[in-house]
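Worth knowing before you read on, the calculation uses all heavy atoms, side chains too, and leaves out hydrogens, waters and symmetry mates. We count ligands from 1, going down the list as the structure has it; atoms in each ligand are counted the same way.
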Amino acid sequence: MRRRFLRLALGIFFSCLVPTTVAQAPSREVCPRGVVGGQVPEPADLRSRAGALRVELSYREFTDTQGLVRYCYIDKDGRQSPTLRVKPGDQVTLILRNEVLRSEVSHTESPALAVQPHSMADHADVAKSCVGGQMTAASTNLHFHGLTIPPVCHQDDTLNTFVQPSADPFEYSFKIPPDQPPGLYWYHPHVHGFTKTQVLGGASGALIVEGIEAANREVSGLPERVLVIRDQELIHPDAPPEQTDSMPPPQVLRDAEGDILNSGTGSGKPAKDLSINFVPVPYPKYQPAVIAMKPLERQLWRILNASAITYLDLQLLFNDRPQNVGVVALDGIPINHNGNETQSLVWKRHLLIPPAGRVEFVVKGPKPGVHASLVTRSVDTGPAGENDPTRPLATIVTSDDSPDVQSRLQDSPADVNTPSIVPLKNVTPVRMRKLYFSEAPADPRNPSSPTVFYLTVEGATPAPFDPKSPLPNLTVNQGDVEDWVIENRTKELHDFHIHQIHFQLLQWNGVPVDEPYLRDTVNVAYWDGTSSVYPSVKLRMDFRNPSIVGTFVYHCHLLEHEDGGMMGAIRVQPRPANPQPGRSTHNAGHSSL
Ligand SMILES: [Cu+2]
């Protein structure tokens, strides 16, 4: 008993000495997680120097005592999911080592997806030459979400780059475009068929292009805090919901993939647990993590929804009252970047962030004595969507002695040249296309068989994404700007994302919107099953940047849907010398380009 007390006392003593940048879990865990109710740590910052950033990341996996598999990126100093901090024009060299143990993940491998898109060579050669190889649960790669970098070997290719556990380290080497807007981007694996498992397991990290304080003086000199919200399998899957009011908890129903269906009540068992910088906030008690700051301190919060399938609708509550926060950037791009020089903050009382979305906003800490918390409100994902109930994420605890956060924006940043490019919303599109989300049971005679997910260019035959196909689903010319309507013909939300570019949301369900943002990820409302018009978004797609020539993908960023086929390939071909109207095509079935 005495020994136990001593151990406890020593534990408390040493935990007080641990700086908040160090994970609070035992070091023997390969992919450590924070303590429930613990302080939210900050990811380590890896900053470029003299125009270059060199990073070595090991991709590892770990099975916890519950049998849940974690995945993580660990740098050479043992830090998990470091934030990569770069400046426009910097050269990034990232060495990726796949150190998962092949035998421990083989049980999740789907034989149907163990495809060989191209000729198979020896593993080491495959990794060096990006010509494909086996796409399995143990293979991995990286996507640099939101960066306008070439979709080619060693830069941002996800179609043919598969790094195997037995392979030599794989080198990514790319230049941050000099005109990349300053803001929050991220990195994560993108192996079709296995992306959900890897991201849900924790494989993700933030990437910041520095200089937001030069683009928007409102944030100059502010302390900045990176918050990565991830989802994960339920830690207490069998626990009954806590009784919060007189209403009985909603019935737990599951979809064909085994996830808990949206109850439509805003409560009940969630499909997934959430964590904030790896501090879990598990169902059913949702004991919040702790964010420490000084009373009335202003900070820039840079929040990434790195969830595999969970929507967030973030809100800051002071004594249960929603607070306004000043948004400065969405999906990595400052709001005053796209021809909106006069607007510096957009005031919001809640922030819907679909999986893969980012939002950056100014927070003012509460006065002493005010109970403050960061919560996610429930999101109605539709009758076929997963359950995302209201739940707290963190309590904000203020103290004059609260330690400074590790990073602070410059007080007097140098002026930056505003982009000379015509704002996207002012460009006349060269053509219009329609794409649509749809779903069907794999066995038409069995409605509860696994769902097949489609993202189809109107006119083509719906088919799940085929990684073996040498043909893209769409071809466009570099230099063009197009308008795309994305329809949702299903009874659940989908989350449209395209690699390499950003777009402007023009219409929401046919209603014009005038947003100061550009996005790379957008939620599309669900169909009610009876309306004659499907919900949709209309997007202005920007293919002007010459560095995006090549083949890349667009997909639903609910990764279960992406893995299940809701993806397509687009080829951006070099601008023809004499462009002819109508040359761009989509491939209906197997017709040639
Ligand atoms: Cu989807």
For the ring pair His494 and His557, is the centre-to-centre distance below 6.0 Å?
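When the ring centroids of His494 and His557 are compared, they turn out to be at least 6.0 Å apart.
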
Kindly say whether the aromatic ring centers of His145 and His497 come within a distance under 6.0 Å.
yes

Determine the sole option in Arg377, Arg391, Lys348 for which the salt bridge (charged side-chain N to carboxylate O under 4.0 Å, His left out) test with Asp313 is passed.
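Result for salt bridge (charged side-chain N to carboxylate O under 4.0 Å, His left out) with Asp313: Arg377.
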
For the Cu ion (ligand 1), report each protein N, O or S atom nearer than 2.8 Å, sorted by chain and then by residue number.
His494 ND1, Cys556 SG, His561 ND1

Test item: side-chain donor near acceptor, Asn262 and Asp388, under 3.5 Å
no

Centre of Phe503's six-membered ring, under 6.0 Å away, within 45 degrees of the axis: is that where NZ or CZ of Arg540 sits?
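Negative - Arg540 is either too far from the ring of Phe503 or too far off its axis.
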
Looking at residues at least two apart in the chain, or sitting in another chain, which of them share a ring pair (Phe, Tyr, Trp, His ring centres under 6.0 Å) with Trp527?
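Residues passing ring pair (Phe, Tyr, Trp, His ring centres under 6.0 Å) with Trp527: Tyr534.
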
